[in-house]
Amino acid sequence: MLRYTIRRLAQLVLVVFVLSMLLFGWLRLLPGGPVSALLGDRATPESRAALEAQLGLDQPIWAQYGKFVLRALSGDFGTSTGVERGTPAVQVFLTRFPATLELSLLALLLAVAIGVPLGYLAARRRGGWWDNLSITWSLVGVAVPVFFLAFLLKFVFAVELGWLPASGRQDTGIEATRVTGFYVLDGLLTREWDASWNALVHLLLPAVALSTIPFAVIFRITRAAVLDVLDEDYVRTARAKGLGAGVIRRRHVLHNAMLPVVTTIGLQTGALLAGAVLTERVFNIAGIGQAVAVGFERKDFPVLQVVILASAMVYVLVNLLVDLSYAWIDPRLRAR
């Protein structure tokens, strides 16, 4: 396992290296290059020359890439030019990342907590009304765009009914102590229960909207995996030996059906980060999804570079944890 983990970490380094090359090339393939993107079409030759010298674009391409990598390793991606003008790009990411992670974790928790049990029950009642209803529900979850569902939930539950807040991470009147940047966790750590509850209430609508597609995917994979396991010989043998239904479900069915489900949960991390761009804009949550949207609008390339690199690293690390969990789920993999 240690050798496997080291090999996967080496792959992580390779992925980040390749991505850095793609980012470096992307900036230079922009129409007119990064200088035109930053200064606009009306830039004077003098201002273009000054900015090129400031960015080191007058040097050979290999020297530019070397400086780009060294600056990235030191956490220097430049300052934000649009999202939070004048703030270091890394600081923008570190400030906003807890909001996106908090939202994504709650959305993933909802998707798993509903999708896995519902998929298992649908497989056990294959062909029945519960199975058909669950499949229809999952199809709706995939078909409805995230931004439309977000607007719909906001209009119904926040505007019309007034049950839940319409935007933000917390009420402005709440006096909360900031410790980690995760508002729900901060309230628990400082025992400010009202602040923690208020932050959780603000998360409900965006988390439900963001969880619909992961829920649908997890549900369908769970259902298919359980159906496959139910037809296996060892399940029929366990029934023939007189084992209880609960033991068969827990030890034989669910345990063996979890491998594809865990893989799917890891892959949905990327979908959550992508869906956060739209969800955070609708609910006005100051996370990295909103930073990406504003960064593209205002051509804030330092912030975009940090967010893209960091998101890729998070995605690869999550999939590494998923792969390592296989050995815990399936003892046969540990033996190999």
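Worth saying up front: this structure is predicted, and the values here are computed from it rather than measured. For this chain, numbers begin at 1 and follow the sequence in order.
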Below 3.5 Å, can you tabulate the donor-acceptor pairs from side chains in residues 14-21 to any protein atom, sequence neighbours excluded?
from, atom 1, to, atom 2, distance (Å)
Ser20, OG, Phe17, O, 2.5
Ser20, OG, Tyr65, OH, 2.9

Worksheet item: If you measure from CZ on Phe147 to OG1 on Thr279, what distance do you get to the nearest 0.5 Å?
Response: 11.0 Å
Worksheet item: Under the side chain to side chain contact (heavy atoms under 4.5 Å, CB included) criterion, do Leu106 and Leu200 qualify, and how do the steps go?
Response: CA-CA 9 Å; Leu106 181 57; Leu200 180 61; 4.2 Å; yes
Discussion item. Could you measure the distance from the CG atom of Leu161 to the CZ atom of Phe155? Nearest 0.5 Å is fine.
Written reply: 9.5 Å
Discussion item. Can you give me the closest heavy-atom contact between Phe215 and Ala111, atom names plus distance?
Written reply: N-CB, 3.5 Å
Item to complete: Might you point out which heavy atoms bring Gly181 and Asp186 nearest each other, and give the distance in Å?
Response: N-OD2, 3.2 Å
Worksheet item: Would you call Phe219 and Ile114 a side-chain contact if the rule is heavy atoms closer than 4.5 Å?
Response: no
Fill in: Leu205 side, atom CG; Phe157 side, atom CZ - distance, nearest 0.5 Å
7.5 Å
Worksheet entry | Heavy-atom closest pair, residues Leu210 and Ala276 | CD1-N, 3.6 Å
Discussion item. Between Lys154 and Val159 (side chain of the first, backbone of the second, donor and acceptor by atom type, cut-off under 3.5 Å), is there such a pair?
Written reply: no
Worksheet item: Measuring from Leu133:CG to Ser138:OG, what's the distance to the nearest 0.5 Å?
Response: 10.0 Å
Worksheet entry | 4.5 Å side-chain heavy-atom contact, Pro206 and Ile285 | yes
Worksheet entry | Close side-chain approach of Thr87 to Thr79, heavy-atom, < 4.5 Å | no
Item to complete: Using side chain to side chain donor-acceptor pair (under 3.5 Å) as the criterion, list what pairs up with Asp194, not counting sequence neighbours.
Response: none
Worksheet item: Between Leu110 and Val208, is any pair of side-chain heavy atoms under 4.5 Å apart?
Response: yes
Discussion item. Strictly distance-based, threshold 3.5 Å: is any side-chain N or O of Asn198 a donor or acceptor partner for the main-chain N or O of Asp171?
Written reply: yes
Worksheet, complete the sentence: Residue pairs passing the ring pair (Phe, Tyr, Trp, His ring centres under 6.0 Å) test with at least one member in residues 86-106, sequence neighbours excluded, are Phe93-Phe97
Worksheet, complete the sentence: The salt bridge (charged side-chain N to carboxylate O under 4.0 Å, His left out) partners of Glu192 (sequence neighbours excluded) come to none
Practice prompt. Using modelled atom types only, decide if a donor and an acceptor are shared between the side chain of Ser196 and the backbone of Val184 within a distance under 3.5 Å.
Written response: yes
Practice prompt. Output the distance between atom OG1 (Thr177) and atom OH (Tyr183), rounded to the nearest 0.5 Å.
Written response: 12.0 Å
Discussion item. Counting C-beta onward and ignoring hydrogens, is there a side-chain heavy-atom pair between Trp197 and Val201 closer than 4.5 Å?
Written reply: yes
Worksheet item: Hey, does Leu108 have a side-chain heavy atom less than 4.5 Å from the side chain of Ser211?
Response: no
Fill in: Distance, nearest 0.5 Å, that separates CE of Met313 from CG of Leu309
8.0 Å
Worksheet item: Regarding Thr95 and Gln91, is there a side-chain donor-to-acceptor distance under 3.5 Å anywhere?
Response: yes
Worksheet entry | For Glu102, salt bridge (charged side-chain N to carboxylate O under 4.0 Å, His left out) partners two or more places apart | Arg169
Discussion item. So which atom in Glu280 and which in Leu103 form the shortest heavy-atom distance, rounded to 0.1 Å?
Written reply: CG-CD2, 4.1 Å
Worksheet item: Does Ile174 belong to the same Ile/Leu/Val/Met/Phe/Trp/Tyr cluster as Trp193, with side-chain heavy atoms less than 4.5 Å apart forming each link?
Response: no
Worksheet item: According to a 4.5 Å side-chain heavy-atom criterion applied to Ile, Leu, Val, Met, Phe, Trp and Tyr, with indirect links allowed, do Val90 and Leu70 form part of one hydrophobic cluster?
Response: no
Worksheet item: How far apart are the C-alpha atoms of Ile265 and Val112, what are their side-chain angles, what is the distance that settles it, and do they pass the side chain to side chain contact (heavy atoms under 4.5 Å, CB included) test?
Response: CA-CA 8 Å; Ile265 292 173; Val112 173; 3.8 Å; yes
Worksheet item: Taking Thr212 for the side chain and Ala209 for the main chain, is one N or O donor matched with an acceptor at less than 3.5 Å?
Response: yes
Worksheet item: Nearest heavy-atom pair of Gln170 and Ala195: which atoms, and what distance?
Response: NE2-O, 2.8 Å
Worksheet entry | Closest contact, heavy atoms only, Gly289 versus Thr100 | N-OG1, 3.8 Å
Worksheet item: Who pairs with Arg220 by salt bridge (charged side-chain N to carboxylate O under 4.0 Å, His left out), at least two apart in sequence or on another chain?
Response: none
